[in-house]
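Below is one structure, written out as structure tokens; comments come after it.
The figures that follow rest on heavy atoms only: side chains count, while hydrogens, waters and symmetry mates do not. Counting starts at 1 for both ligands and their atoms, following the listed order.
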Amino acid sequence: MVDFTLTDEQKALRELAHDFAEKEIRPVAWEYDKDGTWPIDVFKKAWEVGLMNTHVDEAYGGPGASYLDGCLIEEELSWGCSGITTSLGANGLASAPVALGGSEEIKKQFLGMLTEELKFASFCLTEPDAGSDVSGMRTRAVKQGDKYVINGSKCFITNGGYADWFTVYAKTDPDAGHRGISAFVVPKDDTIVVDKKEDKMGQRASNTATITFNDTEVPAANLLGEENKGFKLAMMTLDRTRPGVAAMATGIARAAFEFATAYSKERVQFGVPIAMHQAIQFMIADMATKVHLSRLATWNSAVLLDQGKRNTLESSHAKRFAADTAMEVATDAVQVYGGYGFIKEYPVEKLMRDAKIMQLYEGTSQIQRLVIARETLLPRRAEEPAAA
Ligand code: CAA
């Protein structure tokens, strides 16, 4: 049976997130965007009301929310501000490899840390010369007795400047390509240096940093999954987090659509509100359809995970379509506002800047198409069950 009806609990969760976005995020979002300051007060409140770390299992102090629940929350929060939401949700990205590959002890220690008090964790995959091409990474982890020693730099790391621990991918067999990468959970210490905070076009309230590991030592027990199996762990993580990114993109698109719709009813040109002109009506109609389809694709990709099924294809469909939609709808919203849309005083200017990153992070729209093409041409992969 196919049924898109949310349960009463899901409706309440969505309402909680919407209320928080409306009262705690929207009123401050444009201010945080201006200076690119770290919205710690918003994070404290979000942590207190239980809108952070919703993915963490009850065994480690979290609510163990489903992937669909997570998407409902992320769309609402991102409707408020996707920059703040990127930072609010980044613990989920860092935690997924721990939940998938960590021992019971490691899960208790690191996932428990996030639910005991407000703490941040970062996912360290990308490097200056290894973005889309993950296996080109140069960070090294060398085993010495019962520990690993990590050296290398990671860039574009969300919350990197504030993280209490990191999930780090490094080469343990540099000659083996993607089969020589391992994943580790690494607590912050003095050997880990934050080199640079990026000054970004959009999502300016989220922290994005370059991090260097200088002879950073971690116990061998901090290896996530098996040695040299880190690439698959990264891919399985992205399968699990791309639905949430798609939900965030849907939130941006919905916000832009709502602003454009309201404005089109107020703005009078040629003697009537511009919403009376068919040129504007068709833009509004296209926006409405794209927001609707983004949400459907997002929910579909999340529900498959909740059913324990592999969702590689569907999560790339959702991420690709919702990200491109966010950019298209935000751009069209600026068009509906006309010259005013280009002015910072009006809300859609920020949304257009924020939307751009959705087509870039967690796999560009081109990488999503690559995954879709491979999954379509080699459907065998899609039939493999989701591991864990
Ligand atoms: N699940 C499980 N295994 C998978 C998989 C999946 N979804 N996708 C691939 N694999 C496996 C393959 O089966 C293959 O296994 P074998 O070793 O047994 O052959 C192996 O992984 C290699 O797969 P590919 O040949 O497809 O690998 P590739 O080198 O061609 O790369 C890619 C594939 C899709 C391009 C991948 O590199 C990719 O997703 N790149 C984008 C990376 C990305 O999204 N980066 C964003 C970082 S996170 C971020 O943005 C941070 C932030 O803070 C917001």
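- Across Phe231 and Ser135, no two heavy atoms sit closer than the pair CE1-N, 4.2 Å.
- The existence of a salt bridge linking Lys290 and Asp286 is excluded, since no basic side-chain nitrogen approaches an acidic carboxylate oxygen closer than 4.0 Å.
- Under a 4.0 Å N-O distance rule, the pair Asp324/Arg320 qualifies as a salt bridge.
- Ligand-side atoms of ligand 1 in range of Val371: 34 (C), range being under 4.0 angstrom from any heavy atom.
- Note that Lys350 lies in the cation-pi zone of Trp30, set by a 6.0 Å cut-off to the ring centre and a 45° limit from the axis.
- Applying the 4.0 Å criterion to heavy atoms of Thr158 picks out, from ligand 1, the atoms 52 (C), 53 (O), 54 (C).
- For Thr208, no heavy-atom contact with ligand 1 is shorter than 4.0 Å.
- Screening Phe166, Trp38, Tyr162 for a ring pair (Phe, Tyr, Trp, His ring centres under 6.0 Å) involving Phe120 leaves a single residue, Trp38.
- For the 3.5 Å distance criterion, the side chains of Thr312 and Asp239 qualify, holding a donor opposite an acceptor.
- Using 4.0 Å as the threshold, Arg242 has a heavy atom nearer than that to some atom of ligand 1.
- Close contacts of ligand 1 with Met236, meaning ligand atoms under 4.0 Å from a residue heavy atom, involve 1 (N), 2 (C).
- Listed by number with element, the atoms of ligand 1 under 4.0 Å from a non-hydrogen atom of Arg310 are 1 (N), 2 (C), 4 (C), 5 (C), 6 (C), 7 (N).
- With distances taken over non-hydrogen atoms, the option nearest atom 9 (C) of ligand 1 out of Lys229, Met235, Gln368 is Met235.
- Around atom 42 (C) of ligand 1, the closest heavy atom drawn from Leu313, Asp133, Val134 belongs to Val134.
- Results of the ring pair (Phe, Tyr, Trp, His ring centres under 6.0 Å) test with Phe184 over Tyr148, Phe110, Phe123 single out Tyr148 as the only residue that passes.
- The proximity of Asp239 to ligand 1, defined as any non-hydrogen pair under 4.0 Å, is limited to the side chain.
- Numbered from 1 in the order shown, with element, the atoms of ligand 1 that lie under 4.0 Å from a heavy atom of Leu370 read 35 (C).
- For atom 21 (O) of ligand 1, the choice among Phe231, Tyr361, Phe123 with the nearest heavy atom turns out to be Phe231.
- Counting heavy atoms closer than 4.0 Å to ligand 1, residue Thr86 contributes nothing at all.
- Atoms of ligand 1 found under 4.0 Å from any heavy atom of Leu238 (numbered from 1 in listed order, with element): 43 (C), 44 (O).
- The Thr312 neighbourhood of ligand 1 comprises atoms 7 (N), with distances under 4.0 Å to a heavy atom of that residue.
- For Thr126, every heavy-atom contact with ligand 1 shorter than 4.0 Å involves the side chain, none the backbone.
- Counting only heavy atoms from C-beta outward, the side chains of Thr210 and Glu198 approach each other to under 4.5 Å.
- For Glu362, heavy-atom contacts with ligand 1 shorter than 4.0 Å involve the backbone as well as the side chain.
- In this structure, Ser132 has a heavy atom closer than 4.0 Å to ligand 1.
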Stepwise side chain to side chain contact (heavy atoms under 4.5 Å, CB included) check, Arg353 with Arg204: CA-CA 9 Å; Arg353 286 187 286 107; Arg204 292 174 55 76; 3.7 Å; yes
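- One finds no salt bridge joining Arg242 and Glu362 here, because no Lys/Arg side-chain nitrogen approaches an Asp/Glu carboxylate oxygen to under 4.0 Å.
- Salt-bridge formation is not detected for the pair Glu48/Lys44: no Lys NZ or Arg NE/NH1/NH2 atom is positioned less than 4.0 Å from an Asp or Glu carboxylate oxygen.
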